[in-house]
Each structure stands twice: as structure tokens, then as C-alpha cells.
Amino acid sequence: MTHFSRAFRRFALILSAALLFPQPMLAQEPAEPSPQFVTQPDETPWIYEGSDVPRDKEWIFGELPNGLRYAVRKNGVPPDQVSIRVRIDAGSLHEEDSERGYAHLLEHLLFRESRYLAVGEAIPTWQRLGATFGSDTNAHTSPTETVFKLDLPNIDEAKLAESMKLLSGMVRSPVLSDTNVGAEVPIVLAEKRERGGASERAGNASREILFAGQRLANRVPIGTEATLGAATGASVSAFYKRWYRPENVVVSAAGDMDPMQLAAEIEKWFGDWQGEGPYVPAPDFGDPVAPSGADPANPVGEIGVVVEPDLPRSFSYAVMRPWRPVLDTVAYNEGLLRDALAQALINRRLEARARAGGSYLYAQVAQDDVSRSADMTFVNFAPLTEDWRAALDDIRSVIADALATPPSQEEVDRELAEFEIVFKSQVEQRRVLPGPRLADDVVNAVDIREAIAAPETVLMVFNSMRETVTPELVLEHTRALFSGDVIRAAYVTPATGEATEQAIRSALLEPVEADGNARIAAEAISFDDLPPVGEPGEIEAQGPIGVLDIERVDFSNGVKAILWSNDAEPGRVAVKVRFGAGFRAIEADQSVYANLGYAALIGAGIGELDQEQLDLLSTGRKFGFEFQTGDGAFTFYAQTREADLDEQLYLFAAKLAMPGWDPNPVARAKAAGKLAYESYSANPSGILQRDLEYLLRGNDPRFRTPTPDMLDAATPEEFRAVWEPLLKQGPVEVLVFGEFDKDATIETLRKTFGALEPRETPPEAVLNRLVPFPEAGETEVRYHRGDANQAAAVLAWPSGAGVENLRESRRLEVLASLFNNRLMDAMREHAGASYSPVVRSDWPSDVNSGGRIAALAQLRPEDVPVFFAEAERIAKELASEPVGEDEYNRVVEPLRQYVSRASTGNLFWLYQLEGATVDSRRVPMLRYLLADYTQTPPAALQALAQKYFASREAWRLAVIPQGQDLARSAPVGDAGAGR
């Protein structure tokens, strides 16, 4: 096993570019950081007050005299990065009726202008520092909090100080003028418009039912058009002054830097902050209360039926209890684990019934503390037909059995084994927990008013719970989960008259007979009892590929493997299997089966084992089994660990050698596809999801989303007839990257993939099958049935594909990033015409056709011509003159930092090298990767724009509401293109 540090992996990538990027030398020794308010070892950190949960000593805590609290720690994943979170204890639940949407509006305004950042300078400034907007620099607003997030790459003391200064200016001193509010409200309204439609209406209506009488019922973070439209600098400032004060702020930071330096910078930039006016406590969020006259034994309360013709059926009912702060103790967490165990037992039974052909597509029980407003046990399910009553009765009967009789010891042991593998894996992987996740952990703990625990503590609590748990204790917790102050229900259906509030109330009030048939009987299944894949194969060739310590192994049956055994990510092994020809092997009349394969192929089983038996085999193990159909290959993928790697490889190989053909997963996948199909028409994004790939590939029928009629006509027999020969296709490539014993794994590969029968080579006609690109001309128009103010537009140009010009594909990504920045600025300038337009370059490397550059936006129907004009203007400008130095650097520096960070992980190298046994040119092209992204000069990018944008007219698509005509010109009063 090699011992390359994560930093060395990055170094390996930049060896060829090192001379072109000299790093600045620090001229002076940094001063020793000296934070003044760090909690001392003999003191209790603020997050552990009232708790006996063992302290995670890697975190250092502090509390300033002004009330601001912080948590910092050293973390080197990824190297040279610091992740900072600034959390304000104020969300939409803190708004008055006239302020709805203000918490989220403030999130926007803090990025717009503040003490150290002029108007519109926040995003460019973070880009210059190497942070990508949207992933490294972001924020979110929930009902209970607003959080600002920054992941700073290539960190040093100067960059940390500058970033903390800028963040403090945003949080402490935003410029909340009428001008800024007036400019940002249209952008927020564009975001609201893009989120709107049937799903939002159904969600809002369901929330009003489930949280009747509480603030959460009508406090959605996005707000309302009326309150946002009435916002002024003064009214937003009043909300800001009430809640943005140090007593309501927590700062967490985790990264590759002395934590004392992190603490010192927090104290420096936030220490003298004082709130304006007296401290205001949070409002009362309210409690769930049963209506007068409700039966205490079955307190059914508010019921609602929400009719949305374009949404699939979904039913939610909840047993609700008041939320109260808790003392986060070991005993409390043991109780939470028992609750989780009770839920897992029920969910396994519900899933088993659905797999066997039940009356519902899915069903799940989940306990959640929602927005500090209610402690709830949810039951969510999707009826397969209009007979919601049958589905509800089936699910309630399974729950009734869990409430009447303790589970078997075998069931309990099985779930405990599943829990144990999760907690053990977390301990194994503690060293590689990424900084962003650790910083988020503190924010999440503060939001729910609980402490944080190290993975070892979580495992300790689990083991202490495990020693005391009994089937009878699980029964006790199950009954507690389904006891509460009120039961509320919301049913979303596409059909008027299908259900009434009274019918649902009657169904929930009626007693139900416990049904123990869903209990899963214990069955002893062992990998030792399974048949071998075949006779172990012979190794034909083995040796290094010339990158790091990665090896290639060729077996006599044609299977080839790429392996990298290393210890950079303890407890993790990534496995990917590529086989066959992917979409090239799908025939024109097989699109329905290509679609069903994603949902049903794995569930169809292996040999005589169905999905239930495979689940039994996986008990106490860490397995994965993802399946995808790619442009040029089919793939299996899993994240596992060394202890389970042999069995994971066996499962993948056995799926190719002896696939099962259980018809139930096919029937379930058909039902799911039919339920989803009509919802595609509910909004523009649904139409894009349904049709865009099909249209961009020249109406190639292989990429068509199956219609309900197509799904009805599909059969399990034909499913097998399509997929059985595809599973026999070669070539087969296996990639194994992570912590494992290389020699032992090669021997396992010899017994599994090396033992496969030689694979069939797809015909040349299949391998050379091309993907067409649509002809430009009149705008293609599609119609949705959603809101009249929603539309989407797409411009696309054909590009390249294949490995030969892979370097050009990387440069095109740089060009697309430049295009994206300009398009976002342009569309937001048009009074918030689009909140988040996207430009993306897709260059399939497994095939020799199908590449494209596409610009996409969701907007108002009248702004479709604005989008087309702006996108074409930008394309022409990029082709006519090179970009300036600052604009170039604002794209290249974040790309440099992204590649630098990504290259410290195993998956980066796996993705770069997959397919290398089929086309070995991928390996030498790795040496150019960083240079292609960061050393392509502006003149070369201009030449690319000329090649792809100026050489032919763009293909256009508009998705507009039914009954409307496509707008042909910009709205009256709009300045139009070039602004």
C-alpha cells in the first residue's frame, strides 16, 4: 500500500506546471496568534453546557464579551483550505407578517454591498481569492437560521485575514439602502418564480395543514410578492437591527491552519461588534394543538386534500408533539438511537411489502424535530392508484403490528448490525472528514440546540445502548413515536373528488387490524453458500501505468483492472466496473428498457437471490450497487471498505455472470415511471428534464423519456430479452481505488472478474453509432401546464467528443465558465430576468459524437427573447476579442483551486483514468490537465469561441406556458441586448 499524502497527489498533478506558477515567499515570520477568549481546558465550552456528552477535543471554543460564540479546529482535508460558517439565529420564523421574506432578502443584500465591498464586488472578490461562487461561496436561509458559507482554498494568513475582514463587513455593516433593496428584490422574485409552481403550491398547502396555528404554517423563507415588493431600506434595516447582533451569531471554522490563528481572526473582526438597541428574544413559534373534542387516544386533527393535476399522488400524516429544548446527554442520545432502531424496523417491513407488489410505491416512517416547532413522527407514502384508502390501510396495519408486538430478536440484531457498520465506518474515516462538513456540523448542532460528538463518542453511545436494548424496549419506543398531541394529514392528488377531508378523517379514526405478514423472517444466507463465478482466471500482464503508484492488471479472459492501493482515505474503497457499449448498444425501439434498467436492473437480483436476500447478505457490511448507462459504457459503482471488498467484487461479477430476473422490480419501476411522467408538465424544468436530452441528440429515440403507454406495453420478459445480452458485452474494466491489500485484491479479481466467460465484443456498427445534433433554424417550442409567469430557454452549439481532443474539452470548460459569468450578470441586470442562468460544456469522451455547449435559463415568458439576445451577444463578443486579465483570472483561479483540491482524493484519479484500458491515451493526457485549465491564454479561448460559436447558428429551445405564443422581442421599456 502506498503512502502518498493528499498534498503529494496534488503535487504530482502540477509537476509539469511548477515553473509557470512560482509561489510567493513570505518575507517575515508571522506573529504568534493570541486569542483572548478561548475556553480553557478546565472550563465547559458553551456548546456542552448542561451536557455529559464527552467533549470533542479537536474543537476549540470561545465566547466573546459581546455574546458571539465560535468554534475552530485544525483539519487538512482538503489541504490548504479553511471552511468558515457564520450563522445568525434568525430565519423566516423571526419575521413579522409585513416582513415575510426579509431574512432571505438580507442574505442577498449582504452579498450586494457592505463596508469593505462595493456594489457587485462580492462575487468577483471571492473569485480572485480562488473561491467558486455557488460552491465555495454561498448562503442559505431556513425558518430558523441564516448561514453564510465560505470555503477558502490556497489559504495563508493574509488571505484568511482579508476574508474574515470581508465577512465581518458583510455581516456587521451591510449597506441597506433603498437603491440596493430595489435592485435586489427583482432578483429574489426571479428566484421565487423559478421555485414556484405546482410543487411549491402543494408544499405550502401541506405545510399550512400540518402546522396549523403555528408560525411555520405561513412563514416560507422566500416570502411573498406583496411583502418583498413593499420592502424598503428602512424596513429591512429594522429587521436587520433586531436580529443581526453578536448574541445571535456563531462562527465555526475548520481548516488547514493553526486553530488559534482562526480564533484570533474571529476575535479581531467580530470582537468590538455591538448590537443596536435592546436584545429581543425569539418569538414563540407555537405548539401543535389538537382541535377541541379530539379523541386523546387517537387525536386526529386538521386534514387537507390538495389537488394539483400535474403532481403524482403523495400522502403524509404526522403524529405531532410540542418541541422543547433538551439536555443533550448520553442517555438522551441512547433514546434517540432506540427511536431510530424502531423506525428502521418498520421501514424495512414497509419496503418489503412494496417490493412484493403492494398498494403503494414507497412508504417511510421518520421522526424529525421540525424547525424548533414540533417533534413529529411522519408517515409518507405514494399510493400506486387512486385507491389511497387501500394503501393507507396497508401501511397502518404494518405499523399497528409494530405497536402491538415486540420485534423478534433476529430483526433487532439485523438493524443493530446495520447501525454498527455506519458508526464504525465513521470512526475509520475520521481522519479524512472534510472541513466543510465539520464546519457545518457545528452550525447544525447549534440550530437544533444540541452538542457535537466525535465519531468515537457516537460509537460509544451506540455500544452502551446496544447492551441494554431488548425487543420490549424497542416496542416501548415505537409506541412513544406514535403517541402525540395531534395527528394531521395532507393528501396531494391530481384528481378532483378522489378524496375528501372527511373520508381521510374517517380512515384515520377507524381501528386497523395488525398485520404481521410484513415481518421479515430470519434467513441464514452466507457468501460461502453462493456459487463461484467460474474457474479462476490467469493474469496475462501486470505493471504500473506511469502515474503515481497505480497499476494495471490484464486477465486472460479480456478483463482489465486499474488499481491504486493507498492509505490517504482510511476506511474507504471506491469500486467502478465499466462494461459494454452503453447507449451505443441500445436500439431505437428499446428506450423504455434503457430507462427501466436504471431503476430495476439491480433490484432484479443475482442468480436465485432476490433483492430481499441480497439485503440479508449485506447486513453488517458496507456495500453499494449503483448502475448507470453512459454514452459509451454501462457502469456499476460502489463505495465500500477493505473488509467488504471481496464480497463487493463478487456481487458485481455475479451480476454479469448470473443475473436474476425477478419481475417485481420491473413492475415497480414501471409504476414509478408512470406516476412521474405527468408531473414533468408541471413546470419548465420538468419539460427540460423530460425532453432536453432527446432534443439535443437530434430526436434520437434511444434518449426519449418513456410515455405511460410505452411503460404499459413493457414486460418483464422483454426487459430480460434486452438486458441479458447487454450484460454479456465487453470490454470489462474494473477500477479499485482506496485502502486495500493490493495482492489480496488481485487474487479476488482473479476469482471473480477473471473467472467470467469471455465477453462478447459489440458489432462495429454499434461501436461507431453516432449521436446527431439538431439542426439550427426556427426556435423549438415546448409547452408546460404550470404558472403563466414561468418559462425556460436553451441555446446550444455542437462541440466535440472523444479522447483525441480531450485537452480541448478542458479549455472549453474555461470558456464556458467565462460565458456563465457574463450571462449571469447580463440576465440579472434585466430586472431579475433570470436568477441563475447556466452555461455548461459537455464533451463525452467514451464516444466520438454528442458534445455540446449549452446555455440555459429559467425566466418569464416575455424575457425569452432577452435571453437569446444576451447569450448570442456574449458568444459573439467572446469570439471577437480576448477577455481581459481580471476577468480571465476570476475564472482561472477558482478552476486552479478546484483541480488542486479535487486531486487530493481518490475519486479524482479514478474518474480521470476510467476507460484508460480501452484508450490508453488518457494516461499521458493527465500531465496536461492543470495546464489546460489554467494556462490556456485568452487568445486561445477566443479562437475556441470562433470555432464553436461563430462557425454556425445556435439551436434554440423555448419552454412556455400552454396557451401562450412565443415572444419575439424584448418587453417594451427593456433596454435589450448589450446593456
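Residue numbers start at 1 and run along the sequence shown.
Annotation: side chain of L129 is in contact with side chain of S163 (closest heavy-atom distance under 4.5 Å). Annotation: side chain of W243 is not in contact with side chain of E95 (no heavy-atom distance under 4.5 Å). At a threshold of 4.5 Å between non-hydrogen side-chain atoms, the residues K159 and E162 do not count as touching. Counting only heavy atoms from C-beta outward, the side chains of S114 and S173 never approach each other to under 4.5 Å. Using a 4.5 Å cut-off on side-chain heavy atoms (C-beta onward), V319 and M376 make no contact. Looking at heavy atoms from C-beta onward, M827 lies in side-chain contact with L859 at the 4.5 angstrom threshold. The side-chain heavy atoms of Q790 and R195, taken from C-beta on, include no pair separated by under 4.5 Å. Inter-residue side-chain proximity for Y116 and T125 is flagged as unmet; no heavy-atom pair is nearer than 4.5 Å.
A salt bridge is absent between D97 and R215; no separation between the charged side-chain nitrogens and carboxylate oxygens falls under 4.0 Å. At a threshold of 4.0 Å, the pair R69-D89 does not count as salt-bridged, since none of the basic side-chain nitrogens sits closer than that to a carboxylate oxygen. Electrostatic pairing of E887 and R890 does not count as a salt bridge here, judged by no charged N lying under 4.0 Å from a carboxylate O. Look at R901 and D136 and you find a salt bridge, because one of the NZ, NE, NH1 or NH2 atoms lies within 4.0 Å of a carboxylate O, short of that distance. Between R430 and E456 there is a salt bridge, with a side-chain nitrogen of the basic residue lying less than 4.0 Å from a carboxylate oxygen of the acidic one. Using a 4.0 Å cut-off between charged side-chain N and carboxylate O, D886 and R128 make a salt bridge. Taking 4.0 Å as the cut-off between side-chain N and carboxylate O, K149 and D151 do not count as a salt-bridged pair. With respect to the salt-bridge test (charged N to carboxylate O, under 4.0 angstrom), the residues R488 and E302 qualify. One finds a salt bridge joining D272 and R172 here, because a Lys/Arg side-chain nitrogen approaches an Asp/Glu carboxylate oxygen to under 4.0 Å. Using a cutoff of 4.0 Å between basic side-chain nitrogens and carboxylate oxygens, E200 and R207 are not scored as salt-bridged.
Using a 3.5 Å distance cut-off with no hydrogens or angles, the side chains of T227 and R100 do not pair a donor with an acceptor. For the residue pair Y102/S235, the side-chain donor-acceptor check at 3.5 Å is satisfied.
Panel note: side chain Q426, backbone F423; no donor-acceptor pair is recorded below 3.5 Å.
The distance from the CG atom of L433 to the CD atom of E58 is 9.0 Å, given to the nearest 0.5 Å. Atom CG of L167 and atom CG of L152 lie 8.0 Å apart (nearest 0.5 Å).
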Would H140 and E145 count as a side chain to side chain donor-acceptor pair (under 3.5 Å) if you check the C-alpha gap in whole Å, the side-chain angles of each, and the deciding distance to 0.1 Å?
-> CA-CA 8 Å; H140 79 255; E145 66 179 6; 3.1 Å; yes

Any chance you could lay out the side chain to side chain donor-acceptor pair (under 3.5 Å) test for N380 and S316, step after step, and finish with the verdict?
-> CA-CA 4 Å; N380 301 309; S316 298; 2.7 Å; yes

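Listed by chain and residue number, nothing satisfies the salt bridge (Lys or Arg N to Asp or Glu O under 4.0 Å) test with E107 (two or more places apart in sequence, or in another chain). Scored by the side-chain contact (heavy atoms from CB on, under 4.5 Å) test, Q364 finds N347 as partners (sequence neighbours excluded).
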Please tabulate, one pair per line, all N/O donor-acceptor pairs under 3.5 Å involving side-chain atoms of residues 438-445, not counting sequence neighbours.
{"residue": "D440", "atom": "OD1", "partner": "R85", "partner atom": "NE", "Å": "2.7"}
{"residue": "N444", "atom": "ND2", "partner": "D440", "partner atom": "O", "Å": "3.3"}

